[in-house]
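Please read all numbers here as calculations on a predicted model, not as lab measurements.
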Amino acid sequence: MKILSKRKRKKIRINYQGLALFNCKFILLLLMGSLISCLEIKEKNKEPQRPNILLLVADDLGYADLGCYGSDIQTPNIDNLAARGVRFSRFHTSPLCAPTRAMLLSGNDNHIAGMGIQSNQNAGFGYEGKLTDRIVTIPALLQTHGYHTYMAGKWHLGGDSLSIPFSKGFERSFVNIRGAGNHYDDQGLFEEVPITPYFEDGKPATWNKGDYSTDFYTDKLIEYIDLNKKDKKPFFAFAAYTSPHWPLQVDEKYWKKYVGRYDDGYEKLKERRLESLKNAGMIPKDAVLPPNHEKVIPWDALSLDEKKKESRKMELYAGMVDNLDYNIGRIIQHLKDIGQFENTLIVFMSDNGAAAEDFYYHENYGPFIRAHFNDDYETMGQPHSFISYGPGWAEAGSAPFRHYKGLTTEGGIIAPMIIAGPNVERKNDIHEGFLTLMDIAPTFYEVAQARYPEKFEGNKTYPLKGNSLIPFLSGETNEIHAPEYLFGLEHNNLAMIRKGDWKITNIKRPFLEENFKLYNVSQDLAELHDLQESEPEKYKDLLEEWREFSNEVKVQIPPPPW
């Protein structure tokens with residue numbers, strides 16, 4: 001055996017020591033690298049995740065028709081949303097479905113968006129009858145910022161190939177292109193469209209007879225949400241329900257629980273709603289009711305059979321709202337099941353005030369409707385029954401505001417709205433401040449970190465007219481709009497201007513500027529006291545604002561023919 005010299009043993013020992021030192025340094029570097037990597041991942045996970053956005057829109061739901069607003073109708077799922085967030089008691093829409101949807105999806109005036117009148121006009125600027133390239137829709141912009149975009153329900157914003165949801169930013173969609181339809185099949189309601197047109201992803205689709213609209217749209221939206229849930233991208237989902245829009249149809253299990261509840265009539269219900277709204281904190285304790293519209297027949301003037309039929313109308317309506325709440329609960333439960341509920345900003349709203357129309361005996365629409373439906377008491381609520389809410393119940397649904405859908409009085413343009421979810425620090429709160437549906441798009445863009453462009457797909461865009469609600473919802477501010485903020489609205493020559501607590505309203509035809517009335521709506525919710533004589537300077541100021549607004553959006557007086 002060869003014995004190493006002392007010098008060589010020392011050299012080897014030094015080499016071993018150097019190797020050991022190198023290994024220690026190497027391991028230390030690995031540990032430091034791993035630690036830094038873990039810290040980076042941890043910090044990355046701390047970055048705010050962009051929330052999903054769920055927009056739930058009821059069709060013609062009255063201001064006073066939700067449990068959390070004081071109604072007797074059972075809406076526990078919507079009420080739970082309100083408890084998690086904010087109820088808005090002075091949320092303003094347009095007076096009708098199509099202009100509201102144009103303003104909602106664009107964040108702009110209905111004329112700028114192309115819906116000056118609720119029908120296809122093609123009568124120049126503002127009256128195109130479909131969404132224009134002057135605006136960018138919420139789904140189109142969010143899609144460019146990494147969001148999936150889904151829709152199910154009512155469109156009503158143009159039916160040509162360039163105007164349907166598939167061409168306006170929705171990745172997946174199943175829609176009724178028109179403004180209304182039978183809730184159980186594709187029977188059309190109007191002679192020009194005897195079969196209701198449905199489209200899925202831009203292509204004609206069929207309706208399975210017997211499927212109920214609110215149930216089916218909920219199924220579709222859940223199906224779309226599930227398609228891409230594994231890719232971790234956020235989604236924007238728009239449930240554009242057609243409930244509780246006429247015809248009043250719903251399964252018995254939803255309306256029979258309300259049998260007998262409204263037998264004392266719509267005038268008594270209007271009185272009860274006034275008090276229940278006060279008790280819920282939605283209106284001041286000194287609020288009073290406006291007189292009924294001239295179209296409302298006094299309850300005591302009705303025959304026993306007429307009262308019986310009227311009571312059933314309200315029972316059916318309540319059942320439709322009950323079913324609507326059930327389906328909203330289904331979506332919420334599904335979000336919980338897939339772990340997305342806490343990361344979803346949810347907005348619930350109605351598109352306008354309660355609906356008073358009744359087309360069954362209408363001069364133009366009635367003959368076609370009567371040829372395909374009946375209004376017999378025994379079949380009310382069934383697929384071939386055509387029943388409407390009517391002006392009496394609409395007045396109760398709009399309490400304490402004046403009148404109903406179609407008019408620019410407060411009853412036509414104030415609707416329920418609730419927001420809950422990420423960025424909403426206020427809980428179970430009621431906000432009495434002024435806001436409009438044009439504030440929703442800027443809110444969604446802020447949470448999605450999306451900047452509204454000056455140009456989109458080569459077209460110059462008009463700037464947004466609303467404010468983001470996030471500063472208010474997060475508690476940074478207490479108001480959404482400054483007192484000098486101006487809100488103008490015109491549809492088919494019915495008009496209003498709102499600035500601070502003051503409002504001028506014109507609901508007479510033909511349109512004459514002298515028919516504007518002046519109200520202080522912070523003190524006079526019911527618009528009972530015209531103050532133009534006692535406040536001539538305020539009246540003059542708002543008239544000048546009207547002139548500037550109507551010039552800006554190119555209001556046509558008289559309106560283009562329908």
Student: Do Asn374 and Thr379 get their side chains close enough for a donor-acceptor pair, meaning under 3.5 Å?
Tutor: yes
Student: Is it the case that atom OH in Tyr326 sees more than 12 heavy atoms from other parts of the structure closer than 6.0 Å?
Tutor: no
Student: Strictly distance-based, threshold 3.5 Å: is any side-chain N or O of Asn80 a donor or acceptor partner for the main-chain N or O of Pro76?
Tutor: yes
Student: How about Tyr63 and Ile283: do any of their side-chain heavy atoms sit closer than 4.5 Å?
Tutor: yes
Student: As an exercise, state the distance from CG of Leu221 to CD1 of Ile225, rounded to the nearest 0.5 Å.
Tutor: 4.5 Å
Student: Can you see whether Asn467 engages Tyr485 through a side-chain donor-acceptor pair at a distance of less than 3.5 angstrom?
Tutor: no
Student: Does a donor on one side chain and an acceptor on the other come within less than 3.5 Å for Arg84 and Asn428?
Tutor: no
Student: Quick check: are there more than 12 heavy atoms from other residues, nucleotides or ligands sitting under 6.0 Å from NZ of Lys427?
Tutor: yes
Student: Verify, without hydrogens or angle tests, whether Asp186 (side chain) and Pro197 (backbone) share a donor-acceptor contact under 3.5 angstrom.
Tutor: no
Student: Under the criterion side chain to side chain donor-acceptor pair (under 3.5 Å), I'd like the reasoning laid out for Glu490 against His111: C-alpha separation, chi angles, the key distance, then a yes or no.
Tutor: CA-CA 8 Å; Glu490 189 274 345; His111 300 80; 2.7 Å; yes
Student: Just checking, Arg50 and Tyr147: is the charged tip under 6.0 Å from the six-membered ring centre and within 45° of the axis?
Tutor: no
Student: Out of the candidates Tyr212, Tyr217, Tyr184, Phe199, only one should pair with Trp207 under the ring pair (Phe, Tyr, Trp, His ring centres under 6.0 Å) rule; please name it.
Tutor: Tyr217
Student: Tell me whether the rings of Phe434 and His92 are parallel (<30°), tilted (30 to 60°) or perpendicular (>60°).
Tutor: tilted
Student: Are the ring centres of Phe341 and His334 closer than 6.0 Å?
Tutor: no
Student: Once you round to the nearest 0.5 Å, how far does CG of Leu473 lie from OG of Ser468?
Tutor: 7.5 Å
Student: Salt-bridge test for Arg172 and Glu200: reply yes if a basic N is under 4.0 Å from a carboxylate O, no otherwise.
Tutor: yes
Student: Sub-3.5 Å donor-acceptor pair from the side chain of Thr100 to the main-chain atoms of Ser94, do we have one?
Tutor: yes
Student: Drop me the distance from Met417's CE to Leu66's CG, to the nearest 0.5 angstrom.
Tutor: 13.0 Å
Student: So, does Asp201 use its side chain to make a donor-acceptor pair with the main chain of Ser173 at under 3.5 Å?
Tutor: yes
Student: Quick one: salt bridge (charged side-chain N to carboxylate O under 4.0 Å, His left out) partners of Asp325, sequence neighbours excluded?
Tutor: none
Student: Please check this pair: side chain of Asn110 against backbone of Met103, looking for a donor-acceptor N/O pair closer than 3.5 Å.
Tutor: no
Student: Is the backbone of Gly390 close enough, under 3.5 Å, to the side chain of Ser388 for a donor and an acceptor to pair up by distance?
Tutor: no
Student: Quick check, are the ring centers of Tyr365 and Phe190 under 6.0 angstrom apart?
Tutor: yes
Student: Thinking salt bridges, do Arg101 and Asp59 make one under a 4.0 Å N-O criterion?
Tutor: yes
Student: Above 12 or not: heavy atoms from other molecules or residues under 6.0 Å from CD of Gln333?
Tutor: yes
Student: Is it true that Phe216 and Phe174 have ring centroids separated by less than 6.0 Å?
Tutor: yes
Student: Look at atom NZ of Lys233 and say whether more than 12 heavy atoms of other residues, nucleotides or ligands are closer to it than 6.0 Å.
Tutor: yes
Student: Just one of Thr137, Asp133, Ile138 clears the side-chain contact (heavy atoms from CB on, under 4.5 Å) bar with Ile135, so which one?
Tutor: Thr137
Student: Roughly how far, to the nearest 0.5 Å, is CG of Leu316 from CD of Gln382?
Tutor: 10.0 Å
Student: When rounded to the nearest 0.5 angstrom, what distance separates CG in Leu437 from CE in Met349?
Tutor: 5.5 Å
Student: For a side chain to side chain contact (heavy atoms under 4.5 Å, CB included) check, start with the C-alpha distance between Glu395 and Tyr266, then their side-chain angles and the critical distance, and finish with the verdict.
Tutor: CA-CA 8 Å; Glu395 286 275 279; Tyr266 34 69; over 6 Å; no
Student: For Phe166, is the CZ atom crowded, meaning more than 12 foreign heavy atoms sit under 6.0 Å from it?
Tutor: no
Student: Within the distance-only criterion (no hydrogens, no angle test), does the side chain of Glu315 pair as donor or acceptor with the backbone N or O of Tyr262 below 3.5 angstrom?
Tutor: no
Student: Short question: side chain of Glu410, backbone of Phe401 - any donor-acceptor pair under 3.5 Å?
Tutor: no
Student: Using only heavy-atom distances, determine whether the side chains of Gln449 and His145 contain a donor-acceptor pair under 3.5 Å.
Tutor: no
Student: Is the closest basic N to carboxylate O distance between Asp351 and Lys405 below 4.0 Å?
Tutor: no
Student: Are Thr218 and Tyr241 close enough that a side-chain donor and a side-chain acceptor fall under 3.5 Å?
Tutor: yes
Student: Show your reasoning for whether side chain to side chain contact (heavy atoms under 4.5 Å, CB included) applies to Glu192 and Arg178.
Tutor: CA-CA 11 Å; Glu192 66 270 22; Arg178 299 287 294 189; 3.3 Å; yes
Student: Would you name the heavy atoms of Leu345 and Pro422 that are closest together and state the gap between them?
Tutor: CD1-O, 3.3 Å
Student: Do you know which two heavy atoms are closest between Ser167 and Ser161, and how far apart they sit?
Tutor: OG-O, 2.6 Å
Student: Identify the heavy atoms of Thr461 and Pro453 that sit nearest to each other, and give their distance.
Tutor: OG1-O, 2.6 Å
Student: Between the side chains of Asn323 and Asp215, does any donor sit under 3.5 Å from an acceptor?
Tutor: yes
Student: Please tell me whether His372 and Asn182 have a donor and an acceptor in their side chains that are separated by less than 3.5 angstrom.
Tutor: no
Student: Lys154 side chain to Gly179 main-chain N or O, any donor-acceptor pair under 3.5 Å?
Tutor: yes
Student: When rounded to the nearest 0.5 angstrom, what distance separates CG in Leu61 from CZ in Phe348?
Tutor: 5.0 Å
Student: Under the ring pair (Phe, Tyr, Trp, His ring centres under 6.0 Å) test against Trp246, which residue among Tyr360, Tyr389, Tyr317, Phe359 passes?
Tutor: Phe359
Student: So, Thr132 side chain and Ile112 main chain: donor-acceptor pair closer than 3.5 Å or not?
Tutor: yes
Student: List the atom of Met380, the atom of Lys313, and the distance in Å for their closest heavy-atom pair.
Tutor: CE-N, 3.7 Å
Student: Nearest heavy-atom pair of Leu489 and Thr93: which atoms, and what distance?
Tutor: CD2-O, 3.7 Å
Student: According to the interplanar angle, ranging from 0 to 90°, do the rings of Phe170 and Phe236 count as parallel (below 30°), tilted (30 to 60°) or perpendicular (above 60°)?
Tutor: parallel
Student: State which residues pass salt bridge (charged side-chain N to carboxylate O under 4.0 Å, His left out) with Asp211; sequence neighbours excluded, sorted by chain then number.
Tutor: none
Student: Quick check on Lys209: does its NZ atom have over 12 non-hydrogen neighbours (other residues, nucleotides or ligands) under 6.0 Å away?
Tutor: no
Student: Which class fits the ring pair Tyr150 and Phe235: parallel under 30°, tilted 30 to 60°, perpendicular over 60°?
Tutor: tilted
Student: When you look at Ile78 and Tyr69, which way does the side chain to side chain contact (heavy atoms under 4.5 Å, CB included) test go after all the steps?
Tutor: CA-CA 10 Å; Ile78 298 172; Tyr69 277 66; over 6 Å; no
Student: Is it true that the side chains of Ser213 and His183 contain a donor and an acceptor less than 3.5 Å apart?
Tutor: yes
Student: Work out which heavy atom in Cys68 is nearest to a heavy atom in Ala82; give both atom names and the distance.
Tutor: SG-CB, 3.9 Å
